[in-house]
Amino acid sequence: MSAAGLRAGRVDDLQTWLALENEAVWLYGMIGARVRDLDQAARTSYDAHRVARDRLRALVHDAGGQPVSPALTYGKNLIDSPGEARAAASDVEHRIAAACVTLVGDAGATRRTFALAGLRRAALAGLDWGAKPQAFPGLD
Amino acid sequence: MSRRTMLATGLAGVVVAGAAGVASGTGTLDDVLRGLGAKPHPEPDPGDKRRLRQAADAQAVIIATIDATVTTHGDLEDDLKPFRVIADEQLVAVGGRLASTDVAGVSSDRKEAAAKLSQLAFDSAEGRANDAVSAASPDVARVLASMSAGLSQLAVAIGAIR
(Lines give C-alpha, C1' and ligand atoms only; values in the text may rest on other atoms or scores of the structure.)
Protein backbone atom coordinates (compact mmCIF):
# COMPACT_ATOMS: atom_id res chain seq x y z
CA MET A 1 0.00 0.00 0.00
CA SER A 2 1.35 3.40 -0.89
CA ALA A 3 1.02 5.87 1.90
CA ALA A 4 1.45 8.81 -0.43
CA GLY A 5 -1.31 11.29 -0.09
CA LEU A 6 -2.37 10.24 3.36
CA ARG A 7 -3.89 13.22 5.06
CA ALA A 8 -2.91 14.15 8.58
CA GLY A 9 -6.14 12.73 9.96
CA ARG A 10 -5.47 9.40 8.28
CA VAL A 11 -1.97 9.29 9.70
CA ASP A 12 -3.52 9.85 13.10
CA ASP A 13 -5.81 6.88 12.48
CA LEU A 14 -2.79 4.76 11.62
CA GLN A 15 -1.00 6.01 14.72
CA THR A 16 -3.97 5.05 16.88
CA TRP A 17 -3.88 1.55 15.48
CA LEU A 18 -0.08 1.41 15.81
CA ALA A 19 -0.26 2.42 19.47
CA LEU A 20 -2.64 -0.48 20.08
CA GLU A 21 -0.36 -2.90 18.25
CA ASN A 22 2.49 -1.73 20.49
CA GLU A 23 0.29 -2.47 23.48
CA ALA A 24 -0.69 -5.88 22.11
CA VAL A 25 2.95 -6.87 21.59
CA TRP A 26 3.67 -5.86 25.18
CA LEU A 27 0.59 -7.66 26.51
CA TYR A 28 1.16 -10.96 24.73
CA GLY A 29 4.79 -10.92 25.76
CA MET A 30 3.68 -10.64 29.37
CA ILE A 31 1.04 -13.35 29.01
CA GLY A 32 3.53 -15.69 27.37
CA ALA A 33 6.01 -15.11 30.17
CA ARG A 34 3.58 -15.42 33.09
CA VAL A 35 0.75 -17.78 32.11
CA ARG A 36 2.19 -21.14 31.28
CA ASP A 37 -1.07 -22.64 30.00
CA LEU A 38 -1.36 -19.93 27.38
CA ASP A 39 2.24 -19.50 26.32
CA GLN A 40 1.76 -21.04 22.87
CA ALA A 41 -1.37 -19.01 22.13
CA ALA A 42 0.39 -15.90 23.38
CA ARG A 43 3.37 -16.62 21.14
CA THR A 44 1.11 -16.90 18.09
CA SER A 45 -0.61 -13.61 18.92
CA TYR A 46 2.69 -11.93 19.75
CA ASP A 47 4.11 -12.85 16.35
CA ALA A 48 0.98 -11.70 14.51
CA HIS A 49 0.95 -8.34 16.26
CA ARG A 50 4.64 -7.78 15.66
CA VAL A 51 4.01 -8.17 11.94
CA ALA A 52 1.10 -5.72 12.08
CA ARG A 53 3.12 -3.29 14.19
CA ASP A 54 6.06 -3.31 11.78
CA ARG A 55 3.78 -2.80 8.79
CA LEU A 56 2.05 0.12 10.45
CA ARG A 57 5.36 1.69 11.50
CA ALA A 58 6.46 1.58 7.87
CA LEU A 59 3.19 3.11 6.67
CA VAL A 60 3.35 5.97 9.15
CA HIS A 61 6.98 6.57 8.30
CA ASP A 62 6.29 6.55 4.57
CA ALA A 63 3.51 9.07 5.14
CA GLY A 64 5.99 11.44 6.74
CA GLY A 65 4.93 10.75 10.31
CA GLN A 66 6.97 9.72 13.30
CA PRO A 67 5.71 6.28 14.36
CA VAL A 68 4.40 6.34 17.90
CA SER A 69 6.77 4.56 20.28
CA PRO A 70 5.71 1.81 22.67
CA ALA A 71 5.16 2.76 26.27
CA LEU A 72 7.28 1.20 29.00
CA THR A 73 4.16 -0.27 30.52
CA TYR A 74 0.44 -0.07 29.93
CA GLY A 75 -0.89 0.42 33.40
CA LYS A 76 -2.14 -3.08 33.85
CA ASN A 77 -1.52 -5.15 36.91
CA LEU A 78 0.66 -8.13 36.28
CA ILE A 79 -1.35 -10.92 34.75
CA ASP A 80 -1.11 -14.24 36.52
CA SER A 81 -4.16 -16.26 35.58
CA PRO A 82 -5.66 -17.52 32.32
CA GLY A 83 -8.85 -15.62 33.10
CA GLU A 84 -7.05 -12.32 33.48
CA ALA A 85 -5.07 -13.03 30.34
CA ARG A 86 -8.14 -13.79 28.28
CA ALA A 87 -9.93 -10.69 29.49
CA ALA A 88 -6.98 -8.41 28.73
CA ALA A 89 -6.40 -10.00 25.33
CA SER A 90 -10.08 -9.74 24.37
CA ASP A 91 -10.04 -6.10 25.40
CA VAL A 92 -7.04 -5.12 23.32
CA GLU A 93 -8.36 -7.01 20.28
CA HIS A 94 -11.68 -5.22 20.68
CA ARG A 95 -9.95 -1.83 20.70
CA ILE A 96 -7.88 -2.78 17.67
CA ALA A 97 -11.09 -3.73 15.85
CA ALA A 98 -12.53 -0.31 16.65
CA ALA A 99 -9.41 1.45 15.34
CA CYS A 100 -9.60 -0.59 12.14
CA VAL A 101 -13.27 0.26 11.61
CA THR A 102 -12.41 3.94 11.77
CA LEU A 103 -9.68 3.49 9.19
CA VAL A 104 -11.95 1.51 6.86
CA GLY A 105 -13.86 4.71 6.23
CA ASP A 106 -10.82 6.18 4.52
CA ALA A 107 -11.06 6.57 0.79
CA GLY A 108 -9.08 4.16 -1.32
CA ALA A 109 -9.69 0.49 -1.88
CA THR A 110 -6.17 -0.60 -0.97
CA ARG A 111 -6.17 1.14 2.38
CA ARG A 112 -9.65 -0.15 3.13
CA THR A 113 -8.59 -3.67 2.30
CA PHE A 114 -5.64 -3.35 4.66
CA ALA A 115 -7.80 -2.05 7.50
CA LEU A 116 -10.50 -4.60 6.82
CA ALA A 117 -7.99 -7.43 7.07
CA GLY A 118 -6.86 -6.03 10.42
CA LEU A 119 -10.45 -5.77 11.58
CA ARG A 120 -11.27 -9.38 10.76
CA ARG A 121 -8.00 -10.56 12.32
CA ALA A 122 -8.82 -8.71 15.53
CA ALA A 123 -12.39 -10.03 15.59
CA LEU A 124 -11.23 -13.62 15.20
CA ALA A 125 -8.38 -13.19 17.66
CA GLY A 126 -10.86 -11.84 20.18
CA LEU A 127 -12.91 -14.98 19.67
CA ASP A 128 -9.82 -17.14 20.20
CA TRP A 129 -9.17 -15.33 23.47
CA GLY A 130 -12.66 -15.93 24.77
CA ALA A 131 -14.76 -13.02 23.52
CA LYS A 132 -18.32 -13.74 22.44
CA PRO A 133 -19.27 -13.22 18.80
CA GLN A 134 -20.74 -9.81 18.08
CA ALA A 135 -22.98 -8.52 15.32
CA PHE A 136 -20.68 -5.57 14.64
CA PRO A 137 -17.17 -5.91 16.08
CA GLY A 138 -15.53 -2.55 16.50
CA LEU A 139 -18.83 -0.70 16.32
CA ASP A 140 -20.62 -1.94 19.40
CA MET B 1 -17.80 5.25 17.02
CA SER B 2 -21.04 3.63 18.09
CA ARG B 3 -23.15 1.75 15.62
CA ARG B 4 -26.10 3.92 16.61
CA THR B 5 -24.19 7.01 15.54
CA MET B 6 -23.04 5.29 12.39
CA LEU B 7 -26.54 4.27 11.44
CA ALA B 8 -27.92 7.68 12.16
CA THR B 9 -25.36 9.60 10.18
CA GLY B 10 -24.64 7.30 7.33
CA LEU B 11 -26.75 4.26 6.81
CA ALA B 12 -30.06 5.81 7.65
CA GLY B 13 -30.01 7.90 4.54
CA VAL B 14 -29.39 4.83 2.46
CA VAL B 15 -31.69 2.38 4.18
CA VAL B 16 -34.56 4.76 4.70
CA ALA B 17 -34.26 5.76 1.09
CA GLY B 18 -36.01 2.51 0.30
CA ALA B 19 -39.13 4.20 1.53
CA ALA B 20 -38.42 7.38 -0.35
CA GLY B 21 -40.88 6.49 -3.06
CA VAL B 22 -43.63 6.73 -0.50
CA ALA B 23 -42.18 9.48 1.61
CA SER B 24 -40.76 11.86 -0.95
CA GLY B 25 -42.48 15.17 -1.10
CA THR B 26 -44.13 14.63 2.21
CA GLY B 27 -41.18 15.42 4.42
CA THR B 28 -41.59 12.06 6.11
CA LEU B 29 -38.11 10.86 5.21
CA ASP B 30 -36.51 13.98 6.58
CA ASP B 31 -38.56 13.61 9.74
CA VAL B 32 -37.27 10.07 10.19
CA LEU B 33 -33.69 11.24 9.83
CA ARG B 34 -34.19 14.12 12.23
CA GLY B 35 -35.71 11.66 14.67
CA LEU B 36 -32.49 9.67 14.49
CA GLY B 37 -30.51 12.79 15.26
CA ALA B 38 -29.19 13.19 11.72
CA LYS B 39 -29.50 15.91 9.18
CA PRO B 40 -31.52 15.03 6.11
CA HIS B 41 -29.23 13.08 3.88
CA PRO B 42 -28.38 13.74 0.26
CA GLU B 43 -29.45 11.19 -2.30
CA PRO B 44 -27.64 7.96 -1.44
CA ASP B 45 -25.31 6.28 -3.85
CA PRO B 46 -27.24 3.69 -5.91
CA GLY B 47 -24.37 1.27 -5.55
CA ASP B 48 -24.55 1.50 -1.77
CA LYS B 49 -28.28 0.84 -1.86
CA ARG B 50 -27.57 -2.27 -3.89
CA ARG B 51 -24.79 -3.34 -1.49
CA LEU B 52 -27.09 -3.04 1.49
CA ARG B 53 -29.88 -4.87 -0.29
CA GLN B 54 -27.46 -7.70 -1.08
CA ALA B 55 -26.37 -7.77 2.57
CA ALA B 56 -29.98 -7.96 3.69
CA ASP B 57 -30.83 -10.71 1.19
CA ALA B 58 -27.83 -12.80 2.20
CA GLN B 59 -28.64 -12.26 5.85
CA ALA B 60 -32.22 -13.43 5.37
CA VAL B 61 -30.88 -16.64 3.84
CA ILE B 62 -28.55 -17.18 6.81
CA ILE B 63 -31.40 -16.74 9.27
CA ALA B 64 -33.70 -19.00 7.31
CA THR B 65 -30.96 -21.61 7.20
CA ILE B 66 -30.40 -21.37 10.95
CA ASP B 67 -34.12 -21.90 11.48
CA ALA B 68 -34.24 -24.81 9.05
CA THR B 69 -31.21 -26.37 10.73
CA VAL B 70 -32.87 -26.13 14.14
CA THR B 71 -36.05 -27.65 12.71
CA THR B 72 -34.07 -30.62 11.44
CA HIS B 73 -31.69 -30.88 14.40
CA GLY B 74 -33.55 -29.81 17.51
CA ASP B 75 -30.52 -30.53 19.68
CA LEU B 76 -28.70 -27.64 17.97
CA GLU B 77 -31.23 -25.09 19.11
CA ASP B 78 -29.39 -24.01 22.26
CA ASP B 79 -26.09 -23.80 20.38
CA LEU B 80 -27.52 -21.74 17.56
CA LYS B 81 -29.81 -19.47 19.55
CA PRO B 82 -27.18 -16.78 20.33
CA PHE B 83 -26.04 -16.79 16.71
CA ARG B 84 -29.62 -16.38 15.55
CA VAL B 85 -29.90 -13.26 17.74
CA ILE B 86 -26.71 -11.80 16.25
CA ALA B 87 -27.78 -12.60 12.70
CA ASP B 88 -31.13 -10.94 13.31
CA GLU B 89 -29.41 -7.84 14.68
CA GLN B 90 -27.32 -7.64 11.53
CA LEU B 91 -30.37 -8.06 9.32
CA VAL B 92 -32.22 -5.23 11.02
CA ALA B 93 -29.18 -2.94 10.86
CA VAL B 94 -28.94 -3.19 7.08
CA GLY B 95 -32.62 -2.54 6.67
CA GLY B 96 -33.70 -6.10 5.96
CA ARG B 97 -36.61 -8.01 7.31
CA LEU B 98 -37.46 -11.63 7.75
CA ALA B 99 -39.22 -13.12 4.80
CA SER B 100 -40.02 -16.59 3.68
CA THR B 101 -36.83 -17.58 1.98
CA ASP B 102 -36.21 -20.88 0.28
CA VAL B 103 -33.10 -22.57 1.54
CA ALA B 104 -31.36 -25.66 0.31
CA GLY B 105 -32.21 -28.86 2.14
CA VAL B 106 -30.56 -29.33 5.51
CA SER B 107 -28.30 -32.34 5.81
CA SER B 108 -29.52 -35.10 8.09
CA ASP B 109 -26.00 -35.25 9.45
CA ARG B 110 -25.70 -32.84 12.37
CA LYS B 111 -22.06 -31.91 11.86
CA GLU B 112 -22.51 -31.54 8.14
CA ALA B 113 -25.48 -29.23 8.69
CA ALA B 114 -23.47 -27.04 11.04
CA ALA B 115 -20.55 -27.01 8.62
CA LYS B 116 -22.83 -25.87 5.81
CA LEU B 117 -24.19 -23.06 7.96
CA SER B 118 -20.67 -22.04 8.87
CA GLN B 119 -19.73 -21.92 5.19
CA LEU B 120 -22.77 -19.77 4.44
CA ALA B 121 -21.69 -17.25 7.07
CA PHE B 122 -18.14 -17.30 5.76
CA ASP B 123 -19.28 -16.69 2.18
CA SER B 124 -21.43 -13.78 3.30
CA ALA B 125 -18.49 -12.37 5.27
CA GLU B 126 -16.47 -12.38 2.07
CA GLY B 127 -19.28 -10.70 0.17
CA ARG B 128 -19.70 -7.97 2.77
CA ALA B 129 -15.94 -7.41 2.84
CA ASN B 130 -15.82 -6.94 -0.92
CA ASP B 131 -18.77 -4.57 -0.74
CA ALA B 132 -17.13 -2.61 2.07
CA VAL B 133 -14.08 -2.03 -0.09
CA SER B 134 -16.13 -0.68 -2.97
CA ALA B 135 -18.74 1.27 -0.98
CA ALA B 136 -19.09 4.96 -1.83
CA SER B 137 -20.08 6.10 1.64
CA PRO B 138 -17.41 5.79 4.36
CA ASP B 139 -20.11 4.95 6.89
CA VAL B 140 -21.58 2.22 4.73
CA ALA B 141 -18.05 0.88 4.25
CA ARG B 142 -17.53 0.79 8.01
CA VAL B 143 -20.81 -0.94 8.76
CA LEU B 144 -20.31 -3.56 6.04
CA ALA B 145 -16.72 -4.14 7.15
CA SER B 146 -17.80 -4.61 10.74
CA MET B 147 -20.63 -6.88 9.66
CA SER B 148 -18.11 -8.91 7.69
CA ALA B 149 -16.01 -9.32 10.82
CA GLY B 150 -19.08 -10.34 12.79
CA LEU B 151 -20.03 -12.90 10.16
CA SER B 152 -16.48 -14.25 10.26
CA GLN B 153 -16.90 -14.76 13.99
CA LEU B 154 -20.20 -16.54 13.40
CA ALA B 155 -18.63 -18.79 10.79
CA VAL B 156 -15.86 -19.82 13.17
CA ALA B 157 -18.13 -20.19 16.20
CA ILE B 158 -20.71 -22.26 14.30
CA GLY B 159 -17.96 -24.34 12.77
CA ALA B 160 -16.74 -25.16 16.28
CA ILE B 161 -20.07 -26.72 17.33
CA ARG B 162 -19.57 -30.35 18.25
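In what follows, chains are A, B, ... by sequence order, proteins preceding strands, each numbered from 1.
Grouping the Ile, Leu, Val, Met, Phe, Trp and Tyr side chains by contacts below 4.5 angstrom, directly or via other members, places B:F122 apart from B:V94. Hydrophobic cluster membership differs between A:L116 and A:L124, with clusters built from Ile, Leu, Val, Met, Phe, Trp and Tyr side chains linked at under 4.5 angstrom. Both A:W26 and A:L78 sit in one connected hydrophobic cluster of ILVMFWY residues. Membership requires side-chain heavy atoms under 4.5 Å apart, directly or through other members. The hydrophobic cluster containing A:L119 does not contain A:L127, counting ILVMFWY residues as joined when their side-chain heavy atoms lie under 4.5 angstrom apart, directly or transitively. Note: the hydrophobic cluster containing B:L117 does not contain B:I63 (ILVMFWY, side chain heavy atoms under 4.5 Å, direct or indirect links).
In this structure a side-chain-to-backbone donor-acceptor pair under 3.5 Å is missing from B:R142 to A:V104. Checking side-chain atoms of A:R120 against main-chain N and O of B:A129 turns up no donor-acceptor pair under 3.5 Å.
Looking at residues two or more places apart in sequence or on another chain, you find a side chain to side chain contact (heavy atoms under 4.5 Å, CB included) between B:A58 and B:S124, B:R128.
Contact detail for A:L139 and B:S146: the closest heavy-atom pair is CD1-CB, 3.7 Å. Closest heavy-atom contact between A:F136 and B:M147: CE2-CB, 3.7 Å. B:Q90 and A:A135 get closest at one heavy-atom pair: NE2-O, 2.9 Å. Minimum interatomic distance between B:V133 and A:A109 (heavy atoms only, all atoms of both residues): CG1-CB, 3.6 Å.
Identified by a heavy-atom distance below 4.5 Å to chain A, the contributing residues of residues 79-87 of chain B are B:F83, B:I86, in residue-number order. Contact residues of residues 148-157 of chain B toward chain A are B:S148, B:A149, B:G150, B:S152, B:Q153, B:L154, B:V156, B:A157 (heavy-atom distance under 4.5 Å). Using a 4.5 Å cut-off between non-hydrogen atoms, no part of residues 34-48 of chain A approaches chain B.
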